[in-house]
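Working notes for the structure below.
Note that the structure is predicted; figures quoted are calculated from it, not measured. Labels below follow one simple rule: chain letters A, B, ... track the order of the sequence lines, proteins then strands, and each chain is numbered from 1.
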Amino acid sequence: MKRYNPTEIEAKWQKYWEDNGTYTVNLADNSKPKYYGLSMLPGITGAGIHTGHGRTFQFSDIKTRAKRQQGCNAYNPIGWDSFGLPVENYAIKVGKKPREAHDEALVNFKRQLKRLGYGYDWTKELSTADPQYYRWTQWIFNKLFEHGLAYQKESPQWWCETDQTVLANEQVEGGKCWRCGNQVTKKNLKQWFFKITEYADEMLAATDDLNWTEMVKTMQKNWIGRSVGAEVEFKIDGSDDILTVFTTRPDTLFGATFVVLAPEHELVKSLVNNETSEAVEAYVADAARKSEIERMNESREKTGVFTGSYAINPVNGNRIPIWVADYVLSGYGTGAIMAVPAHDERDFAFAEKFNLPIIEVIEKPETNREIGVYDGEGPLVNSGRFDGIDSSDAREQIVAWLEQEKTGHQKTSYKMRDWLISRQRYWGAPIPIIHCPTHGAVPVPDDQLPVLLPDVDDFKPKGGATSALAGVTDWVNTTCPICGEASKRETDTLDGYACSSWYFLRYLDPFNDKQPWNPDIINHWMPVDFYNGADHAVAHLLYARFWTRFFYKLGLVPNPEPFGRMMYNAYILAPDGTKMSKSKGNTIDPLEIMDSGYGADSLRVYEMFIAPYDLEAPWDTRGVPGAYRFLNRVWNLVQEYVEASSGRLSDKSNEILVTAHRLAKKVTEDIENDKFNTAISSMMEAVNNYYKLKVANPIAKDDTWTYAIESLLMVLSPFAPHITEELWRQIGHEDTIHIDHWPKWNDEFMTTDIMTIVVQVNGKLRAKLEVEKTTNPEDIKRLAIESDNVKKFVEGNQPKKIIYVPGKLVNVVV
RNA sequence: GCGCGGAUGGUGGAAUGGUAGACACGAGAGACUUAAAAUCUCUUGGGCGGAUAGCCCGUGCGGGUUCAAGUCCCGCUCUGCGCACCA
């Protein structure tokens, strides 16, 4: 009898799979149904992955493996998110050039992923920093530019002083840089944007129907942040200027007692007079100096100054003061609001502090009379001819009236801003633009792509709002593609997120040098059937959706949404219950565990068994040995089968078949429903069962045990691909278990002739009955009330009711 | 503050409204062994009990619906995550 030696068999089968192209997919083969499984592109930011990452990759591996075994042409590719800030920062940290640092780090990444036995098609590996890849990223930039979705604009932008670059809104988390965690400030700069807001509405509308983890859908909806309201025009008293405000509550218009502008609002300068100008200018200058985060952290104590001017409320002609305050944000709506202190908390706080009038225009419900601010619905008061109308109806009527008077209109606003994509950093795809004195920003013609990133010795950011590329004069100096005039190249590079917004399409045609992909292949393979990750719930997924929608409009992809099922999994915590991180030194290297003799399969089984996918759970160092014990039991069980004599039939084989067929069904359904932990526990249960059953029914090479052993190996295979391949061969098969081998089950085998009926009295368990499946319900009820322990609780009373749930329980109500 | 989750043994967790605690870890006992490791078998929510007879209690707290509630409804507490002066 052979002993289970993971180290030996895992190396052997990994080599076999590679040599035989077991996971190499012919993308042109349409003879089988397709299945496209993917985990988010790994970023090369350090020397490798930890067990938390490993788990993330494994989800798509298992889904894809199961489908491959079930007869699909199943594709699980791998590649590297090589461009961008994280890689460049890593390079600075290790004191090497980005390319060099990246390539060196990649060695360990690959070693880890290969040792973990993922069923990747390594022949189609890609990297976003490969010129043959970023050539097409630049091509996509050109297409966006051509369609007016890439543009340059000067505006205040998030700026990270540490990383010396601007950041997209999605990359600022709680006022801090997503990479270095330091506070960001705003800087007025001319930058490139992608017009993602163009798709805000349709992405929002499509979100509800996505088969995605609910939390991610909610986060995306909140991020898009659609608000339907109105823009209302206020005349400025004594001036021809018009002040437009945005509000979601036009029904409260009669309650507006002042107007507030953001400090950055363009009209501020023209509204001041001799007495107020000094104070207002000081206030504006102060606000500009402070970062947004400082404003936020200052305990939300309202500050502001009066401009000296007044606005006229269009509905009632009231003359109300115009203030400047930093609680109004310049980037949202019109950067100006009408303040209704009676029905908005922030306005109320401001009014209280500066003694501004408060007028109630919505009647508070009886129960809420006490509270100061009421922001709910109710009949209008103090609102002229709209009095008595419920606020929800008044909303529309007031807007209709404004539209008629041409002093306002309905308006939808979004929190989402356009995607800022220029980075003042070296390590990225150069933005393929040439600045011509005559023609302005001119895209580099498609046939001249890629614009290669030049090799430079000093790539580090110098500050001053340009990347290191600005110093490469013979690269910067070029001629205009239109007129040939001396021009300069754009020296900003593309946000790394841009590079990773379309990789799932390139995977389907990675070597195409004529076009980014062949639409015929994409039509067959898209969308991605299963996508998962533990990060990037907003930015990456929104960007990828945006681009896919754009490609859809160009007829380049068959579906506006890139990802079918998107599963957002939780991270595994370190044994101490905190987040695993390099800096804390509490990460666990999968190589270490595998090298200690447990092998990849035990690690893989534990990673799935530890908790459901969406729950954070601390790493238990005793977990892998536990999984190893289970696999060892499988191994020993199969060894008995290998050594058993053939042809003998066990006489009482029914329970073995019940166990086997139930298991096949359960694991199939669990994998389908992403319940990987219970799939494993049911396999453990079945194996425990087989150990008991083999005492009375010794393992033999009969139909019953053959089905039990083979189906066990097949359903275990996506989780533990090496041991199952080895045992599959040992029991006599010559082909790989990983293609087209999945058990069929038969519901007829899933029940025994005897069923257990639970007997309750008033809902409490009092007895159990073992009866023949064919027993009729009346007999079961009779047996139930006659059983001794039930009699004791019924105590001669006549049962009021007897409820029988067929095949399950009897509840006697007394 | 708003939004979305979560709360079950010593631990990770399981449970279409129908036997709460599957499975695993840990712990304890036994078998094998000169011994240890490995392996195999059994026990393991708390309490009463000689009992693997039976009973009582038990899924964060307080109510409710139901023949029956961890599960559904209402009101709380704590906690994780996301967003956060978005008018």
Side-chain angles (χ1 to χ4, degrees), chain A residues 3 173-175 213-223 225-227 229 245-249 252 256 260 262 292 295-296 298 300-302 325-329 331-340 343-347 349-350 375 413-417 537-538 568 570 605-606 609-612 614-627 629-630 632-633 636 675 677-688 691-692 695 756-768 788-789 792-793 799-805 807-814:
Chain A
R3 293 199 54 181
E173 298 164 348
T213 298
E214 217 49 45
M215 181 186 64
V216 175
K217 285 162 65 170
T218 308
M219 283 164 72
Q220 297 229 329
K221 285 192 277 188
N222 290 346
W223 191 266
R226 181 177 194 264
S227 298
V245 306
F246 174 74
T247 178
T248 54
R249 294 298 299 271
T252 64
V260 188
E292 206 119 331
R295 283 200 208 170
M296 237 150 68
E298 277 172 5
R300 309 214 170 168
E301 179 70 25
K302 296 285 182 287
D326 65 8
Y327 83 91
V328 173
L329 307 176
Y332 181 76
T334 60
I337 61 150
M338 62 176 210
V340 185
H343 305 291
D344 181 283
E345 251 177 78
R346 296 151 299 183
D347 298 342
F350 195 83
D375 59 8
S413 281
Y414 300 90
K415 289 188 197 175
M416 185 166 74
R417 316 290 153 85
V538 174
Y568 194 70
V605 166
Y606 176 59
F609 184 61
I610 182 169
D614 55 350
L615 220 70
E616 286 189 334
W619 186 262
D620 183 348
T621 50
R622 292 171 299 232
V624 174
R629 220 165 301 171
F630 162 63
N632 203 30
R633 276 165 75 78
N636 290 336
K675 294 171 77 174
N677 58 328
T678 53
I680 293 186
S681 64
S682 56
M683 287 187 265
M684 289 172 167
E685 214 174 343
V687 169
N688 290 347
Y691 267 74
K692 289 191 185 97
V695 177
T756 305
I757 302 292
V758 172
V759 184
Q760 300 178 330
V761 177
N762 292 335
K764 289 202 174 193
L765 173 69
R766 295 304 176 190
K768 287 179 189 177
D788 289 345
N789 205 40
K792 211 165 86 191
F793 285 90
K800 285 187 196 129
K801 210 198 276 185
I802 300 175
I803 290 155
Y804 175 55
V805 181
K808 273 200 177 146
L809 67 78
V810 174
N811 190 12
V812 182
V813 186
V814 290

request  = Would you kindly give the CG-to-P distance between A:Leu615 and B:rU11, to the nearest whole Å?
outcome  = 15 Å
inquiry  = Can you check the distance between B:rU71 and B:rU65, where both ends of the measurement are the P atom (answer in whole Å)?
reply    = 15 Å
message = Counting only side-chain heavy atoms from C-beta out, which of B:rA87, B:rC23, B:rC85 sits nearest to A:Val328?
response = B:rA87
remark   = A:Tyr327 atom OH is separated from B:rC85 atom P, nearest whole Å, by 13 Å
task = Measure from the side chain of A:Thr248, starting at C-beta and using heavy atoms only, and say which of B:rA87, B:rC67, B:rA84 lies closest.
result = B:rA87
inquiry  = Distance check, rounded to the nearest 0.5 Å: A:Tyr804 atom OH versus A:Asn811 atom CG?
reply    = 13.5 Å
note = A:Lys692 atom NZ is separated from B:rC23 atom P, nearest whole Å, by 8 Å
inquiry  = Without decimals, in angstroms, what is the distance between A:Ile803 CD1 and B:rU66 C1'?
reply    = 9 Å
remark   = On RNA chain B, more 5' by nearest nucleotide between A:Gly333 and A:Ala611 is A:Ala611
Distances under 3.5 Å only, N/O to N/O: pair up the protein atoms with those of nucleotides 56-58 of chain B.
| residue | atom | partner | partner atom | Å |
| --- | --- | --- | --- | --- |
| B:rC56 | OP1 | A:Arg766 | NH2 | 3.3 |
| B:rC56 | OP2 | A:Arg766 | NH1 | 3.1 |
| B:rC57 | OP2 | A:Lys764 | NZ | 3.3 |

Sugar-phosphate only, base, or nothing, as touched by A:Pro612 at under 4.0 Å among non-hydrogen atoms = sugar-phosphate
ask   = Distance between the C1' atoms of B:rC56 and B:rG63, in whole angstroms?
value = 24 Å
query = What is the nucleic acid contact for A:Glu214, judged by heavy atoms within less than 4.0 Å: base, sugar-phosphate only, or nothing?
reply = nothing
ask   = Are the side chain of A:Thr334 and the backbone N or O of A:Ala336 linked by a donor-acceptor pair below 3.5 Å?
value = yes
Atom P, compared across B:rG6 and B:rC42: separation rounded to whole Å = 36 Å
query = So what's B:rC23 paired with, Watson-Crick or G-U wobble, going by both distances under 3.5 Å?
reply = B:rG12
ask   = Just how far, in rounded Å, is C1' of B:rU66 from CG of A:Leu809?
value = 14 Å
query = How would you label the contact of A:Glu616 with the nucleic acid (heavy atoms, under 4.0 Å): base, sugar-phosphate, or nothing?
reply = sugar-phosphate
inquiry  = Can you see if the side chain of A:Arg633 gets near the phosphate of B:rU41 - specifically, an N or O under 4.0 Å from OP1 or OP2?
reply    = yes
message = At 4.0 Å (heavy atoms only), tell me whether A:Ile802 reaches a base, stays on the sugar-phosphate, or touches nothing.
response = nothing
task = Please state the P separation for the pair B:rU79 and B:rA87 - nearest whole angstrom.
result = 29 Å
query = Once you round it to whole Å, what is the distance between C1' of B:rG1 and CG of A:Asn222?
reply = 14 Å
ask   = Is A:Lys675 touching bases, backbone alone, or none of the nucleic acid, heavy atoms closer than 4.0 Å?
value = sugar-phosphate
Upstream residue (5' side of RNA chain B) when A:Ser227 and A:Arg3 are each assigned their closest nucleotide = A:Arg3
message = Let's see if you can work this out: which of B:rA68, B:rA87, B:rC81 has an atom nearest to the side-chain heavy atoms of A:Met215?
response = B:rC81
key: Aromatic plane relationship, A:Tyr332 with A:Phe246 - under 30° parallel, 30 to 60° tilted, over 60° perpendicular   = perpendicular
message = Whole angstroms only, please: what is the CD1-P distance between A:Ile610 and B:rG13?
response = 8 Å
task = Figure out the CG/C1' separation between A:Leu329 and B:rC85, and round it to whole Å.
result = 6 Å
key: Check: A:Asn762 side chain, A:Val814 main-chain N or O, donor-acceptor pair, under 3.5 Å   = yes
request  = Name the nucleic acid region contacted by A:Asn688, choosing base, sugar-phosphate or nothing; use a 4.0 angstrom heavy-atom cut-off, strictly under.
outcome  = sugar-phosphate
task = Carefully, step by step, assess A:Val810 and A:Ile803 under the rule side chain to side chain contact (heavy atoms under 4.5 Å, CB included).
result = CA-CA 6 Å; A:Val810 174; A:Ile803 290 155; over 6 Å; no
query = Touch check for A:Lys792, heavy atoms < 4.0 angstrom, all strands: base, sugar-phosphate only, or nothing?
reply = sugar-phosphate
ask   = So what does A:Ser682 hit on the nucleic acid, given a heavy-atom distance under 4.0 Å: a base, only sugar-phosphate, or nothing?
value = nothing
request  = Output yes when at least one side-chain N/O atom of A:Lys808 is less than 4.0 Å from OP1 or OP2 of B:rG18, else no.
outcome  = no
message = For a quick check of understanding: with a heavy-atom distance under 4.0 Å over all strands, which category does A:Val758 fall into, base, sugar-phosphate or nothing?
response = base
task = Please measure how far the C1' atom in B:rA20 lies from the corresponding atom in B:rA69, and state the result in whole Å.
result = 11 Å
ask   = Between A:Arg249 and A:Asp375, is there a donor-acceptor pair closer than 3.5 Å when you use the side chain of the first and the backbone of the second?
value = yes
Below 4.0 Å: OP1/OP2 of B:rA87 and any side-chain N or O of A:Tyr332 = yes
inquiry  = So A:Gly626, base contact, sugar-phosphate only, or nothing? Heavy-atom distance under 4.0 Å.
reply    = sugar-phosphate
inquiry  = What's A:Asp620 touching, base or sugar-phosphate or nothing? Going by heavy atoms closer than 4.0 Å.
reply    = sugar-phosphate
ask   = Any side-chain N or O of A:Asn789 less than 4.0 Å from the OP1 or OP2 oxygen of B:rC55?
value = yes
task = Mark yes or no: A:Lys302 above the aromatic ring of A:Tyr327, with NZ or CZ under 6.0 Å from the six-membered ring centre and no more than 45 degrees from the axis.
result = yes
task = Would you indicate, yes or no, if B:rC23 has its OP1 or OP2 atom less than 4.0 angstrom from a side-chain nitrogen or oxygen of A:Thr678?
result = no
Short side-chain N/O contact from A:Arg629 to OP1 or OP2 of B:rA38, under 4.0 Å = no
inquiry  = Heavy atoms only, 4.0 Å cut-off, all strands: where does A:Asn677 land among base, sugar-phosphate and nothing?
reply    = sugar-phosphate
request  = Ignoring the backbone of A:Val805, work out which of B:rG13, B:rG18, B:rC42 is nearest its side chain.
outcome  = B:rG18
